[in-house]
Amino acid sequence: MTYRMAKVIVDVPSRETDRPFDYLIPESMASWLEIGSRVAVPFGRRTIQGFVISLHEQPEMDAARMKPIQEMLDLLPPLPQDLVELASWMSRKYACSMIATLQAMIPTALKGKTERYISVADNDELPQDEEGMSVLPILTDEEKQIVAYVRASGHVLMDHLSARFPAYPGILKGLLRRGTLTESQVIKDKVRKKTIKSVSVAVQGDEAEAALSSFTAQAKRQKEVLEFLLEVGIPISLQEVLSTLGVTAGTVKKLAEKGFAVIEDVEVFRDPYQGRHFKGSTPLERTPEQENVYRRLIAALDAHRHEVFLLHGVTGSGKTEVYLQTIERCISLGRQAIVLVPEISLTPQMVERFKGRFGGKVAVMHSRLSTGERYDEWRKIREGRVEVAIGARSAVFAPFQNLGLIVMDEEHETSYKQEETPKYHARDVAVRRARQHGAAVILGSATPSLESYHAARSGGGDRHEEFAPVLLEMKQRPSGSQLPAVQIVDMREELKEGNRSMFSRALHQGIAARLERGEQTVLFLNRRGYSTFVMCRTCGYVAGCPECDISLTYHQKSNNLRCHYCGYAEPAPSVCPECGSEHIRYFGTGTQRVEGELAKLFPGIRVIRMDVDTTSEKGSHEKLLQAFRDKKGDVLLGTQMVAKGLDFPDVTLVGVIAADTALNFPDFRAAEKTFQLLTQVAGRAGRHQLPGEVFIQTYMPEHYSIVHASGHDYTSFVREELKHRRALYYPPYSRLILVTLSHEKLPLLLRMAENFAGDLRAKAQRLGWFGSLDRLTPSALDILGPVASPIPRIKNRYRFQCMVKYRGDLDAVSLVRETAATTLDQLKDGDFQISIDVDPQMLM
DNA sequence: AGCACGCCGACT
DNA sequence: GTCGGCGTGCTC
């Protein structure tokens with residue numbers, strides 16, 4: 001006799017529980033349970049959620065220590081088997097727990113929560129008193145009260161009960177222990193029906209008259225609301241009441257409490273693109289260049305061959321059209337496709353293009369969807385109702401059964417790296433997943449990351465690479481339009497000549513000319529380096545977060561100062577808290593300053609500003625762009641978000657206010673980031689009939705990233721940049737792991753950080769890894785640090801970091817992970833944390 | 001992460 | 001003498 005059992009990863013975020021636990025499969029589930037099923041399992045004294053990762057047969061003797069699975073939570077497993085396998089690869093590669101990885105693969109709606117219900121135990125055999133209570137356990141008055149309450153309600157939520165009887169902590173526990181009350185636990189999904197609050201009047205005629213006259217002078221606002229509701233007559237959304245009358249929700253609530261109005265939740269159907277019609281689009285004719293690329297791509301598709309392509313195409317070379325046609329081919333072969341785009345470029349135009357070509361076969365996933373909307377889109381994929389999924393980073397986990405193609409647009413974007421656990425890079429995950437499916441991968445960019453480009457050029461001969469893409473190039477724009485002329489403006493010269501404004505004379509004249517001709521200008525400000533901090537000009541005081549070593553950011557809208565890292569907020573001061581001076585200045589977002597200057601220089605100019613302040617509201621991003629498209633603005637001024645994929649026919653001038661702000665950052669990718677950004681921005685001008693002009697203002701006009709960006713010369717940039725990388729053995733000539741240790745107590749942390757680094761060094765030594773990284777460098781693995789992190793304190797925790805630089809074919813991740821575990825075990829203090837970031841993108 | 005068990009301080 | 005602080009250890 002054997003038993004069927006399942007290995008389950010339980011939803012407990014701790015190192016000790018990051019392993020499979022064995023459970024018996026009840027007969028009733030036997031034919032339904034699969035790898036990837038989500039289950040509720042008893043774990044210790046509670047019931048929690050878990051994921052089945054394998055199924056086995058066990059001899060009877062082993063079954064004794066196993067508990068049975070309590071419940072299956074879905075009919076269709078939320079994770080197909082290939083994703084479970086991918087998850088174990090990811091946990092190894094990125095040194096994170098299996099549960100964190102599995103959770104990242106499914107919509108948050110399925111992150112089940114334990115609910116505890118209390119009910120009265122069924123003690124029929126026990127003698128009972130007149131009230132029907134078991135006599136045997138002698139109950140105090142308080143206990144009787146609780147038991148009576150539970151009995152009356154059938155079964156009660158634990159949270160509700162402890163809220164209802166807050167005065168007697170421990171009594172509840174006692175009743176449960178003695179068996180008078182029993183507890184049951186279920187897993188409840190986070191999926192909520194989407195509702196809006198609707199308000200309607202509850203009084204009419206004379207009653208209403210009486211109600212209106214009942215308000216005291218103080219309740220003026222309530223009276224206004226009631227008058228408004230009577231006037232409208234029909235139920236109206238609370239939101240509308242608030243915005244029309246400018247009252248707060250509290251006012252309406254009071255009215256409802258008095259019984260004059262009713263507020264109810266009305267369910268609304270969620271379809272993010274409900275009622276929208278997408279103009280159909282048909283494939284464009286391919287240019288010879290596109291034809292070559294296309295042939296090469298579909299050859300892999302047709303042969304069902306896993307192959308990775310790096311599509312290097314200049315801005316405007318029609319990469320999207322190539323994607324669309326390749327996807328079409330993929331679908332016609334009965335396979336599905338995933339399209340990954342950076343969140344910021346997942347604009348309505350982009351969505352429109354895909355919906356227009358593939359209609360209802362597309363699921364769209366982006367961060368602005370609600371939990372429920374995302375869950376619905378995800379279900380379309382899981383249930384096989386769509387063929388294409390388009391979305392940001394996490395769409396790489398779209399649960400397709402027969403994946404044929406993964407497209408990653410703007411492959412160089414850092415947003416493909418997740419900064420939270422699991423700290424995965426969607427590019428590497430995409431390649432790995434495609435390999436499982438025998439699918440093709442297209443990595444597209446006008447400015448490929450050095451890692452991908454170098455891997456393609458070296459043909460994988462370099463030990464640091466995990467894959468070797470085939471390089472495909474597109475150098476022309478199908479429209480025949482030329483890449484715009486780019487002029488570098490040396491701001492030092494401007495200063496020398498007495499121009500102290502942030503606009504050079506050339507840019508100034510350029511804007512003036514556009515205003516005259518009714519053409520448009522895009523101004524780009526590299527936000528990094530432009531701060532929004534508050535400084536006292538008298539004493540030099542800078543407002544900083546009390547918990548983190550970082551300056552606070554000024555938010556105009558709420559007129560307060562906020563910490564970017566921990567969320568701490570305080571009202572903006574009007575005088576300096578240190579010296580009392582009134583000369584305290586808000587260095588508003590850089591864009592605000594530029595906007596002010598523009599207004600001064602060009603009275604009456606219409607500026608559309610796009611930055612965190614103006615785009616925080618849902619849909620505002622799109623609205624601003626549409627306004628600019630409708631020529632309601634002369635200038636579009638913004639940060640990174642104006643650099644991506646925008647395409648406006650009347651834009652003939654692009655100005656970069658300060659190109660070099662990011663160049664001085666202590667990040668080995670600073671030059672690459674600057675080059676990519678400038679190239680993207682420059683590609684925004686003159687994409688149509690009108691010729692474009694680009695001005696790049698800089699204090700470092702001779703820097704190679706600026707020079708080559710102005711010449712649209714990717715190849716030369718790469719050549720130079722690779723030299724620098726090679727000299728210092730930075731990626732792509734090595735790989736990196738960033739280890740950050742944190743604790744509240746600085747001396748303790750310092751000691752632990754030294755321990756960690758020492759231990760790691762010793763282990764690497766033993767493995768003989770301090771050999772040769774290359775013939776010019778001393779070791780195959782190098783440990784830099786520990787040093788204080790660039791932000792040395794966050795949320796009152798000090799931070800130290802070590803950078804591990806190593807030859808790509810070594811399993812340094814396992815070594816680091818084991819060492820981290822050892823170090824953590826040395827300290828029984830739960831407040832000690834070690835975070836491991838494999839292939840870090842942000843070194844700040 | 002929870003939750004229980006277990007061993008030392010301030011109270012009826 | 002008990003209530004309760006949170007250190008320690010375990011969860012199939």
Side-chain angles (χ1 to χ4, degrees), chain A residues 2-27 29-30 33 35 37-73 84 91 96-104 108 111-118 140 142-143 157-159 161-162 166-179 181-188 190 420-422 742-745 748 821-822 824-835:
Chain A
T2 56
Y3 282 92
R4 294 172 63 83
M5 53 86 65
K7 289 200 179 291
V8 174
I9 297 291
V10 293
D11 186 7
V12 179
S14 114
R15 213 156 34 90
E16 290 97 85
T17 51
D18 183 25
R19 61 187 175 83
F21 285 81
D22 299 336
Y23 287 91
L24 289 171
I25 302 172
E27 196 49 48
M29 292 178 204
L33 209 70
I35 289 174
S37 286
R38 195 168 59 111
V39 291
V41 289
F43 196 66
R45 284 189 93 279
R46 13 178 224 150
T47 295
I48 55 171
Q49 179 173 276
F51 294 89
V52 174
I53 57 156
S54 62
L55 300 166
H56 305 266
E57 303 264 316
Q58 279 279 299
E60 196 168 2
M61 52 172 73
D62 285 11
R65 66 192 172 91
M66 282 185 249
K67 291 181 184 175
I69 291 171
Q70 184 175 308
E71 196 188 350
M72 259 180 79
L73 296 172
V84 175
S91 319
C96 65
S97 72
M98 188 70 178
I99 191 67
T101 313
L102 292 169
Q103 298 278 31
T108 47
K111 278 175 191 163
K113 202 183 133 223
T114 302
E115 279 192 347
R116 314 172 60 191
Y117 286 97
I118 307 296
T140 63
E142 287 102 342
E143 286 172 338
L157 258 176
M158 177 64 152
D159 287 348
L161 203 59
S162 41
Y168 327 119
I171 297 183
L172 222 51
K173 252 178 269 161
L175 287 168
L176 284 166
R177 199 173 308 171
R178 273 147 45 205
L181 296 178
T182 57
E183 184 189 8
S184 62
Q185 300 183 4
V186 291
I187 304 293
K188 187 80 179 286
K190 271 193 192 162
E420 305 83 44
T421 315
S742 66
H743 195 276
E744 282 189 356
K745 299 190 183 90
L748 188 63
T822 317
L824 282 167
D825 288 340
Q826 284 167 14
L827 205 62
K828 288 274 79 185
D829 196 330
D831 271 346
F832 180 41
Q833 283 170 23
I834 301 182
S835 132

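None of these values were measured; they are calculated from a predicted model. Chain A is the first sequence line, chain B the second, and so forth, proteins listed ahead of strands; every chain is numbered from 1. Heavy atoms only: backbone and side chains are in, while hydrogens, waters and symmetry mates are out.
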- Could you tell me whether A:R65 and A:D22 have a side-chain N and a carboxylate O separated by less than 4.0 Å?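 A salt bridge is present here (some side-chain N lies under 4.0 Å from a carboxylate O).
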
- Would you call A:D825-A:R15 a salt bridge at under 4.0 Å N-O?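 Judged by the 4.0 Å cut-off on N to carboxylate O distance, A:D825 and A:R15 do form a salt bridge.
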
- Task: Could you tell me which residues satisfy ring pair (Phe, Tyr, Trp, His ring centres under 6.0 Å) with A:Y117, sequence neighbours excluded, listed by chain and number?
- Result: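 In terms of ring pair (Phe, Tyr, Trp, His ring centres under 6.0 Å), with neighbours along the sequence ignored, A:Y117 is linked to A:H155.
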
- Hey, which of A:V41, A:I9, A:V10 is the one that makes side chain to side chain contact (heavy atoms under 4.5 Å, CB included) with A:F21?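 Going through the options one by one, the only one that passes is A:V10.
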
- Could you tell me which non-hydrogen atom of A:D18 sits nearest to which non-hydrogen atom of A:I99, and how far apart they are?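 Reported closest heavy-atom pair: OD1-N, 4.4 Å.
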
- Minimum-distance pair of heavy atoms, taken over all atoms of A:A40 and A:T47: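 The answer is CB-CG2, 4.1 Å.
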
- When rounded to the nearest 0.5 angstrom, what is the spacing between CZ in A:F832 and CG in A:L748?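 Going from the CZ atom of A:F832 to the CG atom of A:L748 covers 7.5 Å.
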
- Query: Contact boundaries of DNA chain B with chain A (under 4.0 Å, heavy atoms), 5' to 3'?
  - Reply: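 Counting from the 5' end, contacts occupy B:dA1 to B:dA4.
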
N/O contacts under 3.5 Å, protein versus nucleotides 9-12 of chain C?
| unit_1 | atom_1 | unit_2 | atom_2 | d |
| --- | --- | --- | --- | --- |
| C:dT11 | O3' | A:G44 | N | 2.9 |
| C:dC12 | OP1 | A:P42 | O | 3.2 |
| C:dC12 | OP1 | A:G44 | N | 3.4 |
| C:dC12 | OP2 | A:K67 | NZ | 2.4 |
| C:dC12 | O3' | A:D22 | O | 2.8 |
| C:dC12 | O3' | A:K67 | N | 2.6 |
| C:dC12 | O2 | A:D22 | N | 2.6 |
| C:dC12 | N4 | A:R19 | NH1 | 3.2 |
| C:dC12 | N4 | A:R19 | NH2 | 3.1 |

